[in-house]
Amino acid sequence: MASMRVSEWRKLPVSLAELCIETTLRCGQSFRWKKLRDNEWTCALHGRILSLKQDSTHLHYKTTWPPVLSHTMTPPLSGHASPDLPIEDEQTENLLKHYLNLSPDLTALYEQWSSVDSNFKKRAPKFAGVRILKQDAWEALVGFICSSNNNIVRISQMVNNLCLHYGPLIAHIDDQPIHDFPSPEDLAVPGVEARLRELGFGYRAGYIAKTAIMVAKERPVGWLESLRNTESYNGSSDQKSLPDGGREGYRKAHDELLQLQGVGPKVADCVCLMGLGWGEAVPVDTHVWQIAQRDYKFGNGKGKHKSLTKATYDAVGDHFRQLWGKEAGWAHSVLFAADLKIFSERLNTKIEVDVDEVRIKKEDGSILESKVVVKRELVMEGQDEVLDEKKDIKVETSRSKRAKRRKL
DNA sequence: ATCTCACCTAAGAC
DNA sequence: AGTCTTAGGTGAG
């Protein structure tokens, strides 16, 4: 397995409020990121393998390139030559900035949503840094077709199988083959439905096979991409207020997606939001429907909106668009994450912090002054019962002082 | 327009 | 051990 190249770790300054990969990569918007080692996330993207890890000030990234021919890979974005970075690292940095969608000021958006919505304000603090990724639209489409009546773990397994059997091989890591995501053409071949059924896709096998044929053969080249929001992000929220059902381009994209097999309103909205850049798309699943009822008094009134019909679906979306504005789908994803079972530990975790000032008098008379911070994360059952405890002790400040001389 | 089912599968709850 | 429910829904009647 000759010479695949691995870059050095490089870093980008990013705070946890702007992006938290632990939450963002697990909250069900992408299904291919894997945690291979402690806090290290890996995924194949655009013909290379990307690894990410994060500390409180920086995002660190590393690229593994396929053995040969890496120069024939089309760069995802052309960038200006930089004196500091090798051209490939610069490409990867551009790819990352694009994929992670780093332009929107998430801190400002959280503040804005908190100022208009007390429920958001209450739930958001433990779910900072939930950012909507700019995923490939086709990948998002297939991933969310798989998501019906399904859970994140199984969706991830299915998508993984899809890549393994139909996606182009990129490289091996620890003898494990890593494949990229298959194109519509890769999946528009005879026998796909039967094979996917064998692979455990169930009734979604037919949806994927048919949708792949529609996209690859019955739509013009570039059709899916043409549905993308091309506006560059503009922070000012008081642009002409958002139309009731969202912008024209969003409605068009949504309508077009509904023509595909296995794509209903919810899946179409997931693709609009996470694959096509339409921030006002609000996917309403049973979960969000429950949130709407529980926290926003939906369906309480006189019989209207009793169940999640198409009319109710649209009304819920409109309500959240009106409340949160142009990036309603982003805010929706924060509350969605806050309701996921895989993150439920955070909700009953309380954090206790003890700070001790310690002074040690040394023999030479100087005083060593340090602050010992003991941080305990307690997983609670009810009010008093502690199920689990994680302790983190660190010496935060430490300095020597010359002994003060007593005045006589 | 709204409602009811069937549809794959695997894991957890009774 | 079986049965039921649930997990980011969709399509057909």
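This is a predicted model, so every value here is computed, not measured. Here is the naming used below: chain letters follow the sequence lines, and residue numbers restart at 1 for every chain.
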Rounded to whole Å, how long is the line connecting atom [atom1] of [X] with atom [atom2] of [N]?
| X | N | atom1 | atom2 | value |
| --- | --- | --- | --- | --- |
| A/Lys266 | C/dT10 | NZ | C1' | 11 Å |
| A/Ile155 | C/dT10 | CD1 | C1' | 14 Å |
| A/Ile342 | B/dA11 | CD1 | P | 17 Å |
| A/Leu141 | C/dG9 | CG | C1' | 14 Å |
| A/Asn151 | C/dA7 | CG | P | 10 Å |
| A/Tyr313 | B/dC3 | OH | C1' | 19 Å |

State which of [options] makes the closest approach to the side chain of [X].
| X | options | result |
| --- | --- | --- |
| A/Arg204 | C/dG8, C/dT10, B/dC8 | B/dC8 |
| A/Thr309 | B/dC3, B/dC8, C/dG9 | B/dC3 |
| A/Ser147 | C/dG8, B/dC7, C/dT10 | C/dG8 |

Cationic N near anionic O, under 4.0 Å, [X] to [Y]:
| X | Y | result |
| --- | --- | --- |
| A/Arg321 | A/Asp318 | yes |
| A/Lys310 | A/Asp314 | yes |
| A/Asp136 | A/Arg32 | no |

Within the structure, does a side-chain N or O atom of A/Thr286 lie under 4.0 Å from either OP1 or OP2 of C/dG9?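 Yes, because at least one side-chain N or O of A/Thr286 sits under 4.0 Å from OP1 or OP2 of C/dG9.
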Say you pick atom P in C/dG8 and the same atom in B/dT4; how far apart are they, in whole Å?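 These two P atoms come out 23 Å apart once rounded.
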With heavy atoms under 4.0 Å as the rule, sort [X] into base, sugar-phosphate or nothing.
| X | result |
| --- | --- |
| A/Gly28 | base |
| A/Ile145 | nothing |
| A/Arg197 | sugar-phosphate |
| A/Gln29 | base |
| A/Leu258 | nothing |
| A/Cys27 | base |
| A/Val263 | sugar-phosphate |

Under the 3.5 Å rule, do the base of C/dG11 and the side chain of A/Tyr207 count as making a donor-acceptor pair?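 No, no donor-acceptor pair under 3.5 Å.
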Answer with yes or no whether A/Asn149 presents, from its side chain, a donor or acceptor under 3.5 Å of a partner atom in the base of C/dG9.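 By the distance-only test, yes, there is a pair.
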Under a 3.5 Å cutoff, is there a donor and acceptor pairing between the side chains of A/Ser183 and A/Asp186?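 There is such a pair between these side chains.
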On DNA chain C, nearest-nucleotide positions of A/Phe31 versus A/Gly262: which is more 5'?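 The 5'-side residue here is A/Phe31.
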Would you call C/dG8 syn or anti, using the 90° rule around 0?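 Base orientation: syn.
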Assign the ring pair A/Tyr99 / A/Trp33 to parallel, tilted or perpendicular, where the plane angle (0 to 90°) is split at 30° and 60°.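 The rings of A/Tyr99 and A/Trp33 sit tilted, inter-plane angle from 30° to 60°.
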Scan every strand shown for a Watson-Crick or G-U wobble partner of C/dG8, both distances under 3.5 Å, and answer none if you come up empty.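 Checking every strand shown, C/dG8 finds no partner, since no pair has both distances under 3.5 Å.
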Which one of A/Ile208, A/Ile145, A/Thr211 satisfies the side chain to side chain contact (heavy atoms under 4.5 Å, CB included) criterion with A/Gln261?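 Single pass found, and it is A/Thr211.
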